There are 2 protein chains.
Amino acid sequence: MGAVERRARQREEVRSQIVDAARDIVVNEGYHALTMRRIAEAVEYSPAAIYQYFQNRDAIAVAVTSEGFVQLLHAFAPSRSLDNPRARLEAIARAYVDFGLTNPQTYRLMFMEDPEITRALLAQPDRNDPGTQAYLAIVEPIALLAQQGAIDARDDASVRAIADTLWVTVHGIVSLKLTCPTFPETPVDVLIASAMRTFFEGILKR
Amino acid sequence: MGAVERRARQREEVRSQIVDAARDIVVNEGYHALTMRRIAEAVEYSPAAIYQYFQNRDAIAVAVTSEGFVQLLHAFAPSRSLDNPRARLEAIARAYVDFGLTNPQTYRLMFMEDPEITRALLAQPDRNDPGTQAYLAIVEPIALLAQQGAIDARDDASVRAIADTLWVTVHGIVSLKLTCPTFPETPVDVLIASAMRTFFEGILKR
DNA sequence: GTGTTTACTGAACGCTGTTCAGAATATCGT
DNA sequence: ACGATATTCTGAACAGCGTTCAGTAAACAC
């Protein structure tokens, strides 16, 4: 038999063609340029045909964004292999900012464009999704530092509070630089250096 | 005579009616709900008539956003009167987060929605606009602390770098909480307390 | 009151997301 | 191989969007 299998495979193939086309449009022209007709043209279908593969445009945007979280986790990989937890944490933070600035449109989709899109990918209780994995990559070195007594964090909530503090900092750098690259006149490398220095001076016991 | 004056006054009156209607729509339903037809309906004009008062929809959005920066500066007022520069700085930072969280749609328009809108209001060399004034309100206490020798900042750029570091932190808190209120599980009051503590521990000499 | 400038409207254009009846295609049972 | 059935795709349409423009209504100047 296998005909039903092949159909399922072809379906998946078209689905990923659609997502690929959507990603190209978003990356090159921004989310506002992501229209069903543009996608349909790229994959050589009629606009209506797309609805056989995705419920609506939002679902396609979510699929593109989902890939973004995978990419982010991927961008963390080299940093995660560093032995020293402090160096590891700083490298991850810098990789985060780097990812956001080199993938502005994807980052906007992940964290700025539409709360519904972000919620669809981060609000799930599943702890195995790439977004949560990326978050845990930040938590891990902090938990280790706390365990080593290098920072003050009695319980799990305190560790997460520090992780979230770092997260909002790096997210703030990316987010602000993406919306107004010129106004905070401090160059991004100086800004991140200042933020890293302040953060570690702030949390490390001495 | 005075007829030309009265006409100018009436024009200004209609303009502010349009901006008021636009602000209501944005605040209550979000930027996506801000359509020319909705605005026209609110001010009881035909959609085309609006174009006699604003060049296009973006110009109206900019006007609404501009009011947002005035409101932000206003929200800083009580904090700015505090004598102690450290207390003043922290109060301003907390007022910033408070403003963002209590005016989510306005804040989105100011710093997240469309880079063009933000740029139109912040990228001007004029140092008297409310946005820059609000920024200078953050810079001032830091400059004073540097002058007092409480923090390390030799030159003006270093002072601004520290100001920008604080700014990205509070912006990060607001921005992240607005797009995903649930995921960083740390409650916002705990998060800002952690961020403030880390920031001041990080910059204050001891 | 007449002429002229200003304010406004209705209709239209080309977009948008989405729906749906019907046509085309592929699969299945015999 | 062929008719029946399930699936896939299209064209046309709907309502709404920002914006433009010819033409009407109103206010002004003289």
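To find a chain, count down the sequence lines: A is the first, B the second, and so on, and within it residues start at 1. Everything numeric here is computed off the predicted structure, so don't read it as measured data.
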Problem set entry | Donor-acceptor pair, side chain of A:Arg23 and main chain of A:Val64, under 3.5 angstrom | no
Exercise. Where each residue is assigned the nucleotide of DNA chain D containing its nearest heavy atom, which of B:Gln55 and B:Gln10 is assigned the position nearer the 5′ end?
Worked result: B:Gln55
Exercise. From D:dT19, C:dT9, D:dC9, pick the nucleotide closest to the side chain of A:Ser46?
Worked result: D:dC9
Donor-acceptor pairs under 3.5 Å, side chain of residues 53-62 of chain A to any protein atom, not counting sequence neighbours: which ones?
unit_1, atom_1, unit_2, atom_2, d
A:Asn56, OD1, A:Asp58, N, 3.3
A:Asn56, OD1, A:Ala59, N, 3.0
A:Arg57, NH1, A:Leu34, O, 2.9

Exercise. Between A:Ile50 (CD1) and D:dC9 (P), how many Å, whole number?
Worked result: 9 Å
Exercise. Does the A:Thr132 side chain pair with the main chain of A:Asn128, one donor and one acceptor, at a distance under 3.5 Å?
Worked result: no
For this session: Specify the separation, in whole Å, of atom OH of A:Tyr51 and atom P of C:dG17.
Result: 7 Å
Seminar exercise, completed: When rounded to whole Å, the CG to C1' distance for the pair A:Asp58 and C:dT16 reads 14 Å
Problem set entry | Any donor-acceptor N/O pair under 3.5 Å between D:dG16 base and B:Arg37 side chain | no
For this session: Measure from CG on A:Asn56 to C1' on C:dG17 and round the result to the nearest Å.
Result: 9 Å
Exercise. Side-chain donor-acceptor pair under 3.5 Å between B:Ser194 and A:Thr165, yes or no?
Worked result: yes
Exercise. Start at the 5' end of DNA chain C and walk down; is the nucleotide closest to A:Arg57 or to B:Tyr53 reached first?
Worked result: B:Tyr53
Problem set entry | Pairing residues for B:Asn28 by the side-chain contact (heavy atoms from CB on, under 4.5 Å) criterion, not counting sequence neighbours | B:Asp24
Problem set entry | Rounded interatomic separation in angstrom, taking CD from B:Gln52 and P from D:dT19 | 15 Å
Could you write out each protein N or O paired with an N or O of nucleotides 21-25 of chain D at a distance under 3.5 Å?
none

For this session: Could you check how far CZ of B:Arg15 sits from C1' of C:dC8, rounded to whole Å?
Result: 18 Å
Exercise. For the side chain of A:Thr118 and the backbone of B:Cys180, is there at least one donor-acceptor N/O pair under 3.5 Å apart?
Worked result: no
For this session: Using whole Å, report how far OH of A:Tyr45 lies from C1' of C:dA24.
Result: 13 Å
For this session: Starting at atom CD1 of A:Ile39, determine the distance to atom C1' of C:dT16, rounded to an integer number of angstrom.
Result: 12 Å
Exercise. Within 45° of the axis and under 6.0 Å from the centre of the six-membered ring of A:Phe200, does NZ or CZ of A:Arg86 qualify?
Worked result: yes
Exercise. Under 4.0 Å between a side-chain N or O of A:Thr35 and OP1 or OP2 of C:dT16?
Worked result: yes
